[in-house]
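This report concerns only the one structure given below.
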2 protein chains.
Amino acid sequence: MQVSVSQSERDRRAAAAEPVRRATMRDVAALAGVSIKTVSRVINGVSTVSDDLRDRVTRAIAQLDFQPNLAASSLRRTDGATRQIALLLEDVANPFSATLSRAVENVAREHGTLVFTGSLDEEPQRELELVRAATLHRVDGIIIAPAAQDHGYLHREIRTGTPVVFVDRPPRGLVADSVLATNAEGAREAVLHLADHGHTEIAFLGDETSIATAGERLAGYRRALAERGLPERPGRVAMDLPDPETAARALAAMLDSDHPPQALFTAQNLVTIGAIQTLQERGLHQDVAVVGFDDFPMADLLVPRVSVVAQDVMRIGTLAVQRLFKRIAGDDGPCREERVPTTLIPRGSGEIPPPGR
Amino acid sequence: MQVSVSQSERDRRAAAAEPVRRATMRDVAALAGVSIKTVSRVINGVSTVSDDLRDRVTRAIAQLDFQPNLAASSLRRTDGATRQIALLLEDVANPFSATLSRAVENVAREHGTLVFTGSLDEEPQRELELVRAATLHRVDGIIIAPAAQDHGYLHREIRTGTPVVFVDRPPRGLVADSVLATNAEGAREAVLHLADHGHTEIAFLGDETSIATAGERLAGYRRALAERGLPERPGRVAMDLPDPETAARALAAMLDSDHPPQALFTAQNLVTIGAIQTLQERGLHQDVAVVGFDDFPMADLLVPRVSVVAQDVMRIGTLAVQRLFKRIAGDDGPCREERVPTTLIPRGSGEIPPPGR
DNA sequence: CTGTTAGCGCATTCAC
DNA sequence: GTGAATGCGCTAACAG
């Protein structure tokens, strides 16, 4: 008790004490008895400094605990690099975004660069705000999984020297680098997989129509049906399911219809989860086949284990940052769209046969 | 094809074009025919500007698409605020960290502040590097879920005006604000819950001993055993399980021992998952009771549904940022440790009775 | 090899 | 109300 109080008291005083002024290059120069420019040389690792001076400067830096002000440095520097990039995602809390974030951080770290992350929540307005905030901070580049429908406004940022790379979703109204999953191919593979297990009544459950990836996955679904000569029945496609609850209800409605599906392709993570909820509630989880797009933790602990078309999220993120850093380094080659292939992972739910087989 | 090529070509030229110089206040002042200071006043919303001049400046800003350089601004500004904070977490890709990140972002947004995120991976060295990077960028404050054992080195940062708030784990060798879960109480409640369902053979599976939260949870486990007059049998406590695989193996070893446990308290997310894997593999998931610390997505889709002691992660994050912004605003009151209560969520796995009841 | 001068983009005195 | 001069912390271009 005594100890605790005294610690608090000590701390209060420490906090109350006027913040100690940070040492500047001038302070270091004065202490080392050299010019400020020599300090700058030592810090930036310029070799043309005598061992003696370098030594004095190094000691002064240590003694004053001098930490160069990066913002001031980049203000003066010719390239103007701030060593910070922005990463704008759907929602940093969802696993897909969080994994992308980690991939970007890993590469940024090698470049001595910090990463700003921000969530767009599918709100175009939020995208504009965050891009603006990023440019006010003069980030060296932006990676974005966009929410907006038109990205023409980014042309200006790119022209003023802030490269932009798109992840997960392609740019619209703008030519820019992008790294995307093979959405149509992955969806096609999933649906063919279900068809090859004998299913003819395969439903599609997907998220917001406005999202480009959702459209690509729907196209893949349709192509697979066509390839197998299966008709697309009315009411078999449910779109605009933003969360598990909506998805669960949409599936419930389908199951209550005259021709309930025997198999599901769920085109997005949360949709998959919602669908599984409904199947479990109705005791149908061993009867209705499911393949989901995008893997998720726990998928192989559920009963049945959930078959998915997995995206290589780390690879998508890594390719995107690498591309961004190439642009930052001055690469002005033509813009590229890179596609990262998906992988079908059969675990059980996708291999459930149709009734009567 | 033709179109695609021509688009690429157009873009290549756009990118190759020398980056357009960004407009500065001087440009705006010249175009508006006022002094640079008047522009500054308009931008900072100082009221003592005539309507006429304000109008001319506003138009010039729009015409030139002027975006003030925040870094330059904060360099000169008295308070030196950069409107960026750092958030250092265990791993931005794990759900706990990702949720914290989102909570911090939400509040930071209200303060017009951007958030740097970084992953420490339980490496003290990485913590030092990231804190240093943050101070080089002169962030306004730091929120940290620390990996290091001693945080005395942060005293210097705090004294030079960079407030630090700890989340999830308390500071050591330093007095600082912190926001933590009620780890011991939560663990105690979980173990009492198992005991009250008739269990006497309750095992503890936890992560790295070096992590303070792990110790608190172990203490809660022991207190609960003591309260119910249950002995702590040797071999019933497994610590230092950093990932699901290690946890799975540790549980397997316990189950193979002479006196296998009837119930498990798994003190961390990944440990819970590993334990469930082993139980499923052995077909024991309906026989061995499990309560996990920290909720996870899918917990209520597993069979049996997983009972947990849930942390209010959003609340922990929100309290931490709010505290940080108070410090940034100049609050120099004594440091506080806030504890956020946990909630026991019975879902099934924790209510499995012991054999023979 | 080293130091001096200038100025990045902006906010702060303090005049007018 | 408005503007001129000064400098935040640092690097660039020169000179020596």
Side-chain angles (χ1 to χ4, degrees), chain A residues 19-58 60-61 64-83 135-140 160-161, chain B residues 19-58 60-61 64-83 135-140 160-161:
Chain A
V20 173
R21 193 178 65 81
R22 246 185 259 268
T24 71
M25 274 198 180
R26 203 193 336 243
D27 301 325
V28 175
L31 181 60
V34 299
S35 83
I36 189 175
K37 178 64 201 173
T38 301
V39 178
S40 171
R41 288 198 177 95
V42 171
I43 286 174
N44 291 293
V46 176
S47 56
T48 63
V49 178
S50 71
D51 288 350
D52 171 43
L53 288 194
R54 175 183 312 280
D55 221 58
R56 274 154 57 193
V57 170
T58 308
I61 288 175
L64 295 173
D65 184 44
F66 168 70
Q67 300 187 303
N69 184 329
L70 227 70
S73 153
S74 63
L75 187 60
R76 195 63 185 85
R77 222 175 257 285
T78 313
D79 64 2
T82 57
R83 305 203 150 257
T135 58
L136 291 182
H137 283 269
R138 299 292 190 270
V139 297
D140 296 336
T160 52
Chain B
V20 173
R21 192 179 65 82
R22 248 184 260 264
T24 72
M25 273 199 181
R26 204 194 333 245
D27 302 324
V28 175
L31 181 59
V34 299
S35 83
I36 190 173
K37 178 61 203 172
T38 300
V39 178
S40 173
R41 287 200 179 95
V42 171
I43 285 174
N44 291 293
V46 176
S47 56
T48 63
V49 179
S50 71
D51 288 351
D52 171 42
L53 288 194
R54 176 183 312 280
D55 220 60
R56 274 153 59 191
V57 169
T58 308
I61 287 176
L64 296 173
D65 185 44
F66 168 70
Q67 300 187 304
N69 184 329
L70 229 69
S73 153
S74 63
L75 187 59
R76 193 65 185 81
R77 215 175 265 284
T78 312
D79 64 2
T82 58
R83 308 208 146 251
T135 58
L136 291 182
H137 283 269
R138 297 293 189 271
V139 296
D140 295 336
T160 51

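The chains referred to below are lettered A, B, ... by the order of the sequence lines, with proteins before strands, and numbering in each begins at 1. Any value given below was found using the heavy atoms of this structure, including those in side chains, with hydrogens, waters and symmetry copies removed.
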Worksheet item: Do the non-hydrogen side-chain atoms of I61(A) and I43(A) ever get within less than 4.5 Å of each other?
Response: yes

Item to complete: Could you tell me the separation between the CG atom of D27(A) and the C1' atom of dG9(D), rounded to a whole number of Å?
Response: 11 Å

Worksheet item: Using a cut-off of 4.0 Å on non-hydrogen atoms, how would the nucleic acid contact of T48(A) be classed: base, sugar-phosphate, or nothing?
Response: base

Discussion item. For D51(A), I'd like to know if atom CG has over 12 heavy atoms of other residues, nucleotides or ligands within 6.0 Å.
Written reply: no

Worksheet, complete the sentence: Residue pairs meeting salt bridge (Lys or Arg N to Asp or Glu O under 4.0 Å), one or both in residues 71-81 of chain B, sequence neighbours left out, come to none

Worksheet item: Expressed in angstrom and rounded to an integer, what is the separation of H137(A) atom NE2 from dG9(C) atom P?
Response: 18 Å

Discussion item. Can you give me the bend angle of the helix from dC1(C)-dG16(D) to dC16(C)-dG1(D)? Use the axis through the first five pairs and the one through the last five, nearest 10 degrees.
Written reply: 30°

Worksheet item: Tell me the salt bridge (Lys or Arg N to Asp or Glu O under 4.0 Å) pairs involving residues 64-75 of chain A, sequence neighbours left out?
Response: D65(A)-R156(B)

Worksheet item: With distance as the sole test, does T58(B) use its side chain to make a donor-acceptor pair with the main-chain N or O of R54(B) at under 3.5 Å?
Response: yes

Item to complete: Grab the two heavy atoms, one from L70(B) and one from T82(B), that are nearest each other, plus how far apart they are.
Response: CD2-O, 4.2 Å

Worksheet item: Got a sec, which pairs hit salt bridge (Lys or Arg N to Asp or Glu O under 4.0 Å) with one end in residues 22-35 of chain B, sequence neighbours left out?
Response: R21(B)-D27(B)

Item to complete: Please indicate whether R56(B) has more than 12 foreign heavy atoms, meaning atoms of other residues, nucleotides or ligands, lying under 6.0 Å from its CZ.
Response: yes

Worksheet entry | Protein proximity profile, nucleotides 10-16 of chain C - base contact B, sugar-phosphate-only contact S, no contact -, cut-off 4.0 Å on heavy atoms | BBB----

Worksheet item: Heavy-atom contacts under 4.0 Å between residues 50-58 of chain A and DNA chain D, which residues?
Response: none

Worksheet item: Side-chain contact, heavy-atom cut-off 4.5 Å: V42(B) with V28(B)?
Response: no

Worksheet entry | Least distance between heavy atoms, L136(A) atom then P68(B) atom | CD2-O, 3.4 Å

